[in-house]
J.: 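My structure is below; once you've seen it, I'll send some questions.
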Amino acid sequence: MPNTEYRRYVALGDSQTEGLGDGDDTAGLRGFADRFAGHLDAAHPGLQYANLAVRGRLAGQVRAEQLGPALALRPDIATVVAGVNDVLRPRFDAAEVAGHLEAMFAALTESGAQVATVTFPDLGRIVPLARPLVPRLAELNDRVREAAARRGVAVAETALPEAVADPRMWTTDRLHASSLGHERIAAALAHAVGLPGSDDTWTHPLPPRAAAAPGAAVAAELRWAAAFLGPWLGRRLRGRSSGDGRTAKRPDLLPLTPAGAAER
């Protein structure tokens, strides 16, 4: 993929793009988009970066709420990552979700931006209770690849490496990447768009870790269900979202700090 001058980067999406799992709401969230902005700034100093993502948003909501503001910022490069929240809903239509994503791909590429996206890992390898969702994710990934190919969008195949199932890549809720996971997603995006110095080391397995004690997996599943699955189901039954009342953390194009972290 030919390299170009990236001066304005805009990130669209949900909680992963907002940065959940990498920092917290008190000290501030970082996340793969902030980290990818650091890669871009290293290659093209003086980058301006905006992050329009809001946790809990469905793909159609990302399109409705974020695409217009993103186009108004005239990005040279944009990331569009959404769809997992749709997969988790009782009613799921992969064609409809992919249609929202492709509409964003089309509008942004037609405006002159390079667009990048990711594929989604098999949640069944991370959360055994989520195995029924595996066919949904596989279909969505296939449709994302097809839409990206039609629109000239770069795809970081973060669904594929074996390392994606390593618990160290995830927070305790197992739905959001850990700091290490966000770091690898950013590296995958840098590789996908061909930034200088990027390579495939993001696909490499992590160093071996100590074997879990017998019965630890079952205990971990029970703790996870009590701490995360129950509250999540409760919000769904009440028609609530984790993003209710929230707005984008970085709605305007701003420079990065000298250390490469996004200013807030």
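Counting from 1, the numbers follow the sequence of the chain as shown.
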J.: Determine whether H182 and R184 make a side-chain contact, defined as any pair of heavy atoms from C-beta on separated by less than 4.5 Å.
T.: no
J.: Counting only N and O atoms by type, is there a donor-acceptor contact under 3.5 Å from the side chain of D86 to the main-chain atoms of A59?
T.: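 Judged by distance alone, yes, a pair lies under 3.5 Å.
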J.: Do W170 and P121 come close enough that some side-chain heavy atom pair is under 4.5 Å?
T.: yes
J.: How about H176 and S15: do any of their side-chain heavy atoms sit closer than 4.5 Å?
T.: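 Side-chain contact under 4.5 Å: yes.
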J.: I would like to know whether L253 and V10 meet side-chain contact (heavy atoms from CB on, under 4.5 Å); could you show each step before the answer?
T.: CA-CA 8 Å; L253 288 166; V10 178; 4.1 Å; yes
J.: For the pair T158 (side chain) and T119 (backbone), establish whether a donor and an acceptor sit closer than 3.5 Å, ignoring hydrogens and angles.
T.: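 Looks like yes, one N/O pair under 3.5 Å.
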J.: Testing V54, T117, L108 for side chain to side chain contact (heavy atoms under 4.5 Å, CB included) with L12, which one passes?
T.: L108
J.: Applying the 4.5 Å side-chain criterion to the ILVMFWY set and letting contacts propagate, would I77 and L73 be lumped into a single cluster?
T.: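 I77 and L73: one cluster.
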J.: So if you build clusters from Ile, Leu, Val, Met, Phe, Trp, Tyr with side-chain heavy-atom gaps below 4.5 Å, do W202 and F120 land together?
T.: no
J.: Calculate, to the nearest 0.5 Å, the distance between atoms CZ and OH belonging to F36 and Y6 respectively.
T.: 7.5 Å
J.: Answer yes or no: is there an ion pair linking D93 with R136, defined by an N-O contact shorter than 4.0 Å?
T.: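 Looking at D93 and R136, the cut-off is not met.
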J.: Would you say the side chain of P255 lies within less than 4.5 Å of the side chain of Q48, judging by non-hydrogen atoms?
T.: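 Touching, per the 4.5 Å side-chain cut-off.
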J.: Distance check, rounded to the nearest 0.5 Å: L20 atom CG versus S178 atom OG?
T.: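 The distance works out to 12.5 Å.
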J.: For a side chain to side chain contact (heavy atoms under 4.5 Å, CB included) with R35, tell me which candidate from L40, D22, I185 qualifies.
T.: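 When side chain to side chain contact (heavy atoms under 4.5 Å, CB included) is applied between R35 and each of L40, D22, I185, only D22 qualifies.
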J.: Should we say atom CZ of R168 is surrounded by more than 12 heavy atoms from elsewhere, each under 6.0 Å from it?
T.: yes
J.: Going from CG on L71 to CE on M104, what distance comes out if it is rounded to the nearest 0.5 angstrom?
T.: 11.0 Å
J.: Salt bridge check, R145 against D142: does any charged N sit closer than 4.0 Å to a carboxylate O?
T.: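 Looking at D142 and R145, the cut-off is met.
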J.: Please report the shortest heavy-atom distance between L52 and A70, naming the atom on each side.
T.: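 So the two residues come closest at CD1-N, 3.6 Å.
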J.: Side chains of N85 and Q16: does their closest heavy-atom pair fall under 4.5 Å?
T.: no
J.: To check you understand the geometry: which heavy-atom pair defines the closest contact between D14 and A82, and what is its length?
T.: OD2-CA, 3.8 Å
J.: May I ask you to say whether D76 pairs ionically with R7, meaning some side-chain N is under 4.0 Å from a carboxylate O?
T.: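 A salt bridge is absent here (no side-chain N lies under 4.0 Å from a carboxylate O).
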J.: Could you tell me which non-hydrogen atom of A33 sits nearest to which non-hydrogen atom of N51, and how far apart they are?
T.: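 In terms of heavy atoms, the two residues are closest at CB-ND2, 3.6 Å.
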J.: Between CD of E18 and CZ of R57, what distance do you get to the nearest 0.5 Å?
T.: 9.0 Å
J.: Taking all atoms of both residues into account, what is the closest heavy-atom pair of H204 and A163, and its distance?
T.: O-CB, 3.6 Å
J.: Can you confirm whether V115 sits close enough to V80 that some side-chain heavy atom of one is under 4.5 Å from a side-chain heavy atom of the other?
T.: yes
J.: Would you tabulate the side-chain donor-acceptor contacts of residues 146-153 under 3.5 Å, counting partners in other chains and residues two or more places apart, or write 'none'?
T.:
residue : atom : partner : partner atom : Å
R150    : NE   : E102    : OE2          : 3.0
R150    : NH2  : E102    : OE1          : 2.7
R151    : NE   : E102    : OE2          : 3.1

J.: Between R125 and D166, is there a side-chain N and carboxylate O pair less than 4.0 Å apart?
T.: no
J.: Give a yes or no on whether V134 and L140 share a hydrophobic cluster (residues Ile, Leu, Val, Met, Phe, Trp, Tyr; joining criterion: side-chain heavy atoms under 4.5 Å apart).
T.: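 Not linked; separate clusters.
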J.: Can you tell whether the side chains of D34 and K249 come within less than 4.0 Å, N to carboxylate O?
T.: yes
J.: Does D24 reach the main-chain N or O of A27 with its side chain, forming a donor-acceptor pair under 3.5 Å?
T.: yes
J.: If you define the side chain from C-beta out and look only at heavy atoms, does anything of F32 sit under 4.5 Å from V81?
T.: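 The answer is yes; the side chains approach within 4.5 Å.
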J.: When you group the ILVMFWY residues by side-chain heavy-atom contacts below 4.5 Å and let the links chain together, are L58 and V144 in the same group?
T.: no
J.: What do the steps show when you test M169 against L206 for side-chain contact (heavy atoms from CB on, under 4.5 Å), and what is the final call?
T.: CA-CA 9 Å; M169 298 280 281; L206 300 179; 4.2 Å; yes
J.: Can you name the closest pair of heavy atoms from L256 and A37 and give their distance?
T.: CD1-O, 3.3 Å
J.: Mark yes or no for whether S198, through its side chain, and G194, through its backbone, hold a donor-acceptor pair below 3.5 Å.
T.: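 Judged by distance alone, no pair lies under 3.5 Å.
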J.: Give the C-alpha distance, both sets of side-chain angles, the deciding distance and a yes or no for side-chain contact (heavy atoms from CB on, under 4.5 Å) between L133 and F92.
T.: CA-CA 10 Å; L133 301 177; F92 171 70; over 6 Å; no
J.: Answer yes or no: is there a donor N or O on one side and an acceptor on the other, between the side chain of R143 and the main chain of A98, under 3.5 Å?
T.: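 Not a single qualifying donor-acceptor pair exists.
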J.: Would you say L47 and Y9 make side-chain contact, with heavy atoms under 4.5 Å?
T.: yes
J.: Could you tell me which non-hydrogen atom of A113 sits nearest to which non-hydrogen atom of P75, and how far apart they are?
T.: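 Here A113 and P75 meet closest at CB-O, 3.3 Å.
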J.: Any chain of hydrophobic side-chain contacts (each under 4.5 Å) joining V155 to L160?
T.: no
J.: Does a side-chain N-to-carboxylate-O contact under 4.0 Å join E96 and R91?
T.: yes
